[in-house]
Amino acid sequence: MAPRRVSFDWHATPLHWIPDEPTATHVINVLHLLLPAGERWFVRVFKEALPLVQDPVLLKDVKGFMGQEATHSVQHAHVLDHLAAQRLDTSAYTRHVDFLFERLLGERPPLGAPVPTQEWLRFRLALIAAIEQFTAVLGDWVLRAEGLDRAGADPVMLDLLRWHGAEEVEHRAVAFDMYQHCGGTGLPRYARRVEGMAVTAPVLLWLWVWGAVHLMRHDPRLAERAAAGGRRARYSLRDHNRAVARGLLPGWKELGTAVPRYFRRSYHPSQEGSLRRAVAYLASSPAARAAAGAVGRSALG
């Protein structure tokens, strides 16, 4: 696997890129709030762990993973710039995300906690493996989310989400394999893997709801609608579930069942999603095809 140097033109993408669906739009937009800082953090932690990798095949996969994640971070950051250009300021939220990944989960334990260096690294690798469980599930979902097409979702945003989702399925096992390789042996390694998911799942849920609430509250179009006498739209579970029923968001069961699967001792992420579907999308993605063409022209030149 290797990074695809994609680019996207956002000038025609509306703020509500799923027409008449601000809730579904902003629930998915939380990805753009979390991923720039989160995926930069993935790369930093993996750089710390690279000297521990003795398997040359895994080492090659990890370097490909790092390249892909760095590219994801950049492209989602461009979406934040696009939201800011449409008067939706996300900085009040993203500064907390930056604090989480740069300070609380940085190279040293927070507040001088007496955690050995090796154990702190292994814990953070376990967190990344758990997060990647959800990104693989979400990636596979968006590749088959025909409801987004039926709703007339913006094609550029759909291409970003599906390109990213396809790469998540493509490298779905790398973070898990990295943790298994560097995380020790036996019961302590398994217990730390469970701990990683036990921390990750509720924190991700909290961050997601908080992010959706923030985006809805600061959405200038919704504020203008309220000022004109309309109802002030806010994030609600009812609207969220309606979007799920329309196929615009993944279902709670699909997300929730990813957790007990991960807890199985025999679990491996190669069981998640369809690699064939992911590869097929990467072969047809407008952004990925353009990136491949640019690489080919550069090689010929």
Side-chain angles (χ1 to χ4, degrees), residues 6 8-35 72 75-76 78-80 82-83 85-88 90 134-169 205 208-209 211-226 228 230-256 258 273-274 277-278 280-289:
V6 297
F8 300 89
D9 183 355
W10 297 110
H11 80 278
T13 299
L15 183 59
H16 297 163
W17 53 268
I18 307 175
D20 302 317
E21 279 286 348
T23 295
T25 291
H26 287 319
V27 169
I28 296 177
N29 277 347
V30 176
L31 284 168
H32 311 309
L33 305 183
L34 297 175
L35 292 178
H72 299 167
Q75 295 306 323
H76 286 280
H78 290 327
V79 180
L80 291 184
H82 177 64
L83 295 179
Q86 295 183 306
R87 298 183 295 118
L88 178 48
T90 61
F134 289 112
T135 60
V137 170
L138 290 171
D140 190 64
W141 172 81
V142 78
L143 289 171
R144 49 187 169 77
E146 296 178 358
L148 293 172
D149 301 282
R150 290 193 296 268
D154 177 72
V156 178
M157 186 65 79
L158 271 185
D159 190 31
L160 168 72
L161 294 172
R162 287 175 171 161
W163 154 76
H164 185 170
E167 290 199 342
E168 291 299 330
V169 174
L205 177 61
W208 220 291
V209 173
V213 168
H214 175 91
L215 290 168
M216 296 283 287
R217 181 179 297 157
H218 292 87
D219 183 320
R221 284 192 57 192
L222 297 181
E224 289 164 3
R225 189 181 303 171
R231 180 178 69 89
R232 181 66 161 112
R234 301 182 185 279
Y235 173 79
S236 73
L237 189 59
R238 182 181 63 180
D239 290 340
H240 185 124
N241 288 337
R242 285 176 178 170
V244 170
R246 291 187 61 197
L248 305 178
L249 295 173
W252 298 108
K253 181 179 179 181
E254 184 168 5
L255 295 171
S274 168
R277 184 186 296 120
Y281 186 78
L282 291 170
S284 64
S285 158
R289 285 169 60 90

K.L.:
Checking His218 now: which residues fulfil ring pair (Phe, Tyr, Trp, His ring centres under 6.0 Å) with it, not counting sequence neighbours?
P.N.:
His214
K.L.:
Counting neighbours of CZ on Arg144 that are heavy atoms of other residues, nucleotides or ligands and sit closer than 6.0 Å, is the number greater than 12?
P.N.:
yes
K.L.:
Ignoring hydrogens, what is the shortest heavy-atom contact between Val30 and Gly211? Give both atom names and the distance.
P.N.:
CG2-C, 3.6 Å
K.L.:
Could you pull out the closest heavy-atom pair between Leu160 and Val79, with the gap in Å?
P.N.:
CD2-CG2, 3.7 Å
K.L.:
Please identify each residue that fulfils side chain to side chain donor-acceptor pair (under 3.5 Å) with Arg246, with sequence neighbours left out.
P.N.:
Glu21
K.L.:
Tell me whether Gln86 contacts the main-chain N or O of Thr13 through its side chain, where contact means a donor paired with an acceptor under 3.5 Å.
P.N.:
yes
K.L.:
For Ser274, enumerate each residue passing the side-chain contact (heavy atoms from CB on, under 4.5 Å) test, keeping only those at least two apart in sequence or located in another chain.
P.N.:
Asp140, Arg276, Arg277
K.L.:
Search all heavy atoms of Asp154 against all heavy atoms of Ala12 and return the closest pair with its distance.
P.N.:
OD1-O, 4.2 Å
K.L.:
With sequence neighbours left out, what residues match Trp163 under ring pair (Phe, Tyr, Trp, His ring centres under 6.0 Å)?
P.N.:
Phe8, His72
K.L.:
Which pair of heavy atoms, one from Leu248 and one from Trp141, lies closest together, and at what distance?
P.N.:
O-CH2, 3.3 Å
K.L.:
Considering residues at least two apart in sequence or located in another chain, which fulfil the side-chain contact (heavy atoms from CB on, under 4.5 Å) criterion with Val244?
P.N.:
His240, Leu249
K.L.:
Provide the closest heavy-atom pair for Val142 versus Gly165 in the form atom of the first, atom of the second, distance.
P.N.:
CG1-CA, 4.3 Å
K.L.:
May I have the step-by-step check of side-chain contact (heavy atoms from CB on, under 4.5 Å) for Ile18 and Ile28, ending in yes or no?
P.N.:
CA-CA 10 Å; Ile18 307 175; Ile28 296 177; 4.3 Å; yes
K.L.:
Can you tell me which residue pairs pass the salt bridge (Lys or Arg N to Asp or Glu O under 4.0 Å) test with a partner in residues 159-169, sequence neighbours excluded?
P.N.:
Arg4-Glu167, Asp149-Arg162
K.L.:
Taking only residues two or more places apart in sequence, or in another chain, which ones meet Arg217 in a side-chain contact (heavy atoms from CB on, under 4.5 Å)?
P.N.:
Val213
K.L.:
With rounding to the nearest 0.5 Å, note down the distance linking CG in Leu161 to CD in Gln75.
P.N.:
12.0 Å
K.L.:
Over all heavy atoms of both residues, which pair between Leu15 and Thr25 is shortest? Give the atoms and the distance, please.
P.N.:
O-CG2, 3.6 Å
K.L.:
Would you give the length of the straight line joining atom CH2 of Trp17 to atom CG of Leu83, rounded to the nearest 0.5 angstrom?
P.N.:
11.0 Å
K.L.:
Do Leu31 and Trp208 come close enough that some side-chain heavy atom pair is under 4.5 Å?
P.N.:
yes
K.L.:
Restricting to side-chain contact (heavy atoms from CB on, under 4.5 Å), what partner residues turn up for Leu255, sequence neighbours left out?
P.N.:
Val137, Leu138, Pro250
K.L.:
Using the ring centroid of each side chain, check whether His164 and His76 are separated by less than 6.0 Å.
P.N.:
yes
K.L.:
Which residues pass the side chain to side chain donor-acceptor pair (under 3.5 Å) test with Arg87, sequence neighbours left out?
P.N.:
Glu224
K.L.:
So, do Leu215 and Thr90 sit near enough that their side-chain heavy atoms are less than 4.5 Å apart?
P.N.:
yes
K.L.:
Quick one: list whatever passes side chain to side chain donor-acceptor pair (under 3.5 Å) with Asp219, sequence neighbours left out.
P.N.:
His16, His26
K.L.:
Among residues at least two apart in sequence or on other chains, which ones pass side chain to side chain donor-acceptor pair (under 3.5 Å) with Ser284?
P.N.:
none
K.L.:
Report yes if some heavy atom in the side chain of Pro22 is under 4.5 Å from a heavy atom in the side chain of Met216; otherwise report no.
P.N.:
yes
